[in-house]
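Bear in mind that the values here come from a model prediction, so they are computed numbers and not experimental data.
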Amino acid sequence: MDVRRRSDKPAYPAKEFAAGEEPFKPHKQQQEQDNSLLIASDALPLPLYLTNGLFFTMFFYVMYYLLSRWREKIRNSTPLHVVTFSELVAIVSLIASVIYLLGFFGIGFVQSFVSRDNNDDSWDVEDENDEQYLLEEDSRRGPATTLGCTAVPPPPARKIVPVVPPQPSKVAAMSEKRAPLVTPAASEEDEEIIKSVVQGKMPSYSLESKLGDCKRAASIRKEALQRITGKSLEGLPLEGFDYESILGQCCEMPIGYVQIPVGIAGPLLLDGREYSVPMATTEGCLVASTNRGCKAIYASGGATSVLLRDGMTRAPCVRFGTAKRAAELKFFVEDPVKFETLAAVFNQSSRFARLQRIQCAIAGKNLYMRFVCSTGDAMGMNMVSKGVQNVLDYLQNEYPDMDVIGISGNFCSDKKPAAVNWIEGRGKSVVCEAIITEEVVKKVLKTEVAALVELNMLKNLTGSAMAGALGGFNAHASNIVSAVYIATGQDPAQNIESSHCITMMEAVNDGKDLHVSVTMPSIEVGTVGGGTQLASQSACLNLLGVKGANREAPGSNARLLATIVAGSVLAGELSLMSAISAGQLVKSHMKYNRSTKDVTKASS
């Protein structure tokens, strides 16, 4: 280590001083600037601490006053933009105090830099172009030593060495900045586009429109992302996907696609027909367990299903000046004669949308109107939203004082657990049941009827009640719903309300056989639109016989898919409950849900 200490004598002369010659002095100009430097507080009429205290006090007092006034306005429903003279004075005072405080701290910040520059540990010379030199310690001081280091031989006396700024080592530079990943582009033109995206000259989202080639745009975007982040995307596939099919409807700014394995459970014997159920999942045991449940149902004669309701919902929120006016609109909407008019306006938005009912709820002067309509074979969120917008435009003419807060007021309720979906239903409401014989329970499920009934009561019913569950009175309905949804191109986020399920088990036929059922009030599925038109998802729908729209009976394909989902959940519930009852859950997961790969050798 080269340790240098400043000598007691001037250690930085550029030459030897002759007798009577004065050493270097600071610039006269610099001395004049230092003597004439003024600070911001010199312009204040009061001492700095008094001025700061005054403005700080005014700032906090005015803030407290305005917040108190705004709270009163909110409680009294007074518009916030209506201000009194005292409030106007307070706002002006607040602005003045903020300007002062910002200026004070800003000037202080600048002065700290000026002070640091003026106090810099350096020596000025009259000629700024002269080099600075460092005079090494005289050899008479003896060899320089450092703690824990060996002595260094003394250098020749009074050796003049130019000061060289310390240069960062190559290793340190590489650690501070990642080396960007660079993959050769397909052409020089693509390379130029990649550089433009990396430099921010071309927005990444505009590649498809400018290039006219969706796959090429995805490839360029992926390479630019690797260079910007320095992270490899080698494992994310790009080839083998139709990027034209997702443009403008499924995914923006694609860089590839994620591979999820698809397994088959079944055959599921439901309502006299057999179905091979596709399940896209990365959870081991899930497909195998559902398949065992399908086997038990098949061996017992199959399952039956009933569709209870079919209606997608959207609930806008509107506000009036008084609660009385909000109630008047509620009565208007619920009037049978007026409803026929609203239904005609709603149905104009689509040839498949048919308004069924409107359920209203009031909170003060705010009215929530939950529109329920059939949507054919589509899941129907966009369809019902268009119809609701038509009705709102019509009602605006009848009630000009109506203020539309939002077309969705969360009384729908979409993609979140809600009691209104659990009680009233949303999408397709389905109940599915089966009677599993005693022989099948013992041979296929490896358990007893009485044990299953007791476990269901204490786990799915009592345990869920203890947890305060909302629609979660089941073992793992969401597992099956999510796997089928991903495989068939449904909206995975709607798994939340679609997994609302209560599983019931009861001993029948003198306690020998098992009656098992699942009731699912809000299965939201469609066979047209969204991800259902993608090649892989379309193939899975075709496997189930529900691909596309049913021209003869619009909506029947989506309803059939909902019953298949419920039947698959029934199979999954039956198998998992049996595994828990027989004490096989941990053993099966250790066998089928554990990777044999040595993760310590996997690179991050």
Report yes if the side chains of [X] and [Y] come closer than 4.5 Å at any heavy-atom pair, otherwise no.
X	Y	answer
Ile193	Leu211	yes
Asp491	Lys415	yes
Gln494	Asp414	yes
Val277	Thr290	no
Thr313	Gln359	no
Val404	Leu395	no
Tyr257	Tyr243	yes
Leu94	Phe59	yes

If you take all heavy atoms of [X] and [Y], which pair is closest and at what distance?
X	Y	value
Ser385	Arg314	OG-NE, 3.2 Å
Ala280	Val262	CB-CG2, 4.0 Å
Cys294	Ala571	N-CB, 3.5 Å
Arg559	Asp310	NH1-OD2, 3.2 Å
Ala315	Arg370	CB-CA, 3.7 Å
Ala558	Lys428	CB-NZ, 3.9 Å

If you count every heavy atom of other residues, nucleotides or ligands that lies below 6.0 Å from [X] atom [atom1], does the total exceed 12?
X	atom1	value
Arg216	CZ	yes
Phe411	CZ	yes
Glu252	CD	no
Asn347	CG	yes

Do the side chain of [X] and the main chain of [Y] share a donor and acceptor less than 3.5 angstrom apart?
X	Y	result
Glu189	Ser187	no
Ser245	Leu534	no
Gln533	Ser538	no
Ser429	Ser522	no
Ser349	Phe346	yes
Arg351	Gln348	no
Asn291	Gly266	yes

To the closest 0.5 Å, what do you measure between [atom1] ([X]) and [atom2] ([Y])?
X	Y	atom1	atom2	answer
Leu576	His476	CG	NE2	4.5 Å
Lys416	Glu497	NZ	CD	7.5 Å
Ser568	Asn479	OG	CG	12.5 Å
Lys547	Leu541	NZ	CG	8.5 Å
Thr282	Ile486	OG1	CD1	8.0 Å
Leu225	Lys222	CG	NZ	10.0 Å

- request: Evaluate side chain to side chain contact (heavy atoms under 4.5 Å, CB included) for Asn460 paired with Met577, printing each intermediate quantity in order.
  value: CA-CA 10 Å; Asn460 289 341; Met577 293 293 289; 3.6 Å; yes

- prompt: Which of parallel (below 30°), tilted (30 to 60°) and perpendicular (above 60°) describes Trp422 and His500?
  reply: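 Trp422 and His500: perpendicular rings.
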
message: Pair Leu560, Tyr275 - check side chain to side chain contact (heavy atoms under 4.5 Å, CB included), show working.
response: CA-CA 11 Å; Leu560 178 56; Tyr275 301 95; 3.5 Å; yes

- prompt: Does the pair Arg221/Glu208 count as a salt bridge with the N-to-O cut at 4.0 Å?
  reply: yes

field: Residue pair Ser556, Asn550: steps toward the side-chain hydrogen bond (donor to acceptor under 3.5 Å, both in side chains) verdict
entry: CA-CA 6 Å; Ser556 60; Asn550 191 312; 2.9 Å; yes

query: When Asn557 is tested against each of Val525, Leu544, Asp377, Val528 for side chain to side chain contact (heavy atoms under 4.5 Å, CB included), which residue passes?
result: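 Result: among Val525, Leu544, Asp377, Val528, Asp377 is the only option passing the side chain to side chain contact (heavy atoms under 4.5 Å, CB included) with Asn557.
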
- prompt: Going through the distances and angles, do Ile523 and Tyr485 end up as a side chain to side chain contact (heavy atoms under 4.5 Å, CB included)?
  reply: CA-CA 10 Å; Ile523 301 178; Tyr485 270 29; 3.7 Å; yes

query: Which is it for Cys432 and Val569 under the side chain to side chain contact (heavy atoms under 4.5 Å, CB included) test, yes or no, and what are the steps along the way?
result: CA-CA 9 Å; Cys432 188; Val569 170; over 6 Å; no

field: Modelled atom types, side-chain donor and acceptor of Ser478 and Ser499, under 3.5 Å
entry: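 Side-chain D/A pair, Ser478 to Ser499: absent.
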
- prompt: Does a donor on one side chain and an acceptor on the other come within less than 3.5 Å for Asn421 and Ser413?
  reply: no

- request: Test salt bridge (charged side-chain N to carboxylate O under 4.0 Å, His left out) on Glu573 and Lys459 and set out the steps.
  value: CA-CA 12 Å; Glu573 291 286 284; Lys459 171 182 168 62; over 6 Å; no

task: Could you walk me through whether Glu244 and Lys215 pass salt bridge (charged side-chain N to carboxylate O under 4.0 Å, His left out), step by step?
output: CA-CA 8 Å; Glu244 303 286 346; Lys215 180 181 177 182; over 6 Å; no

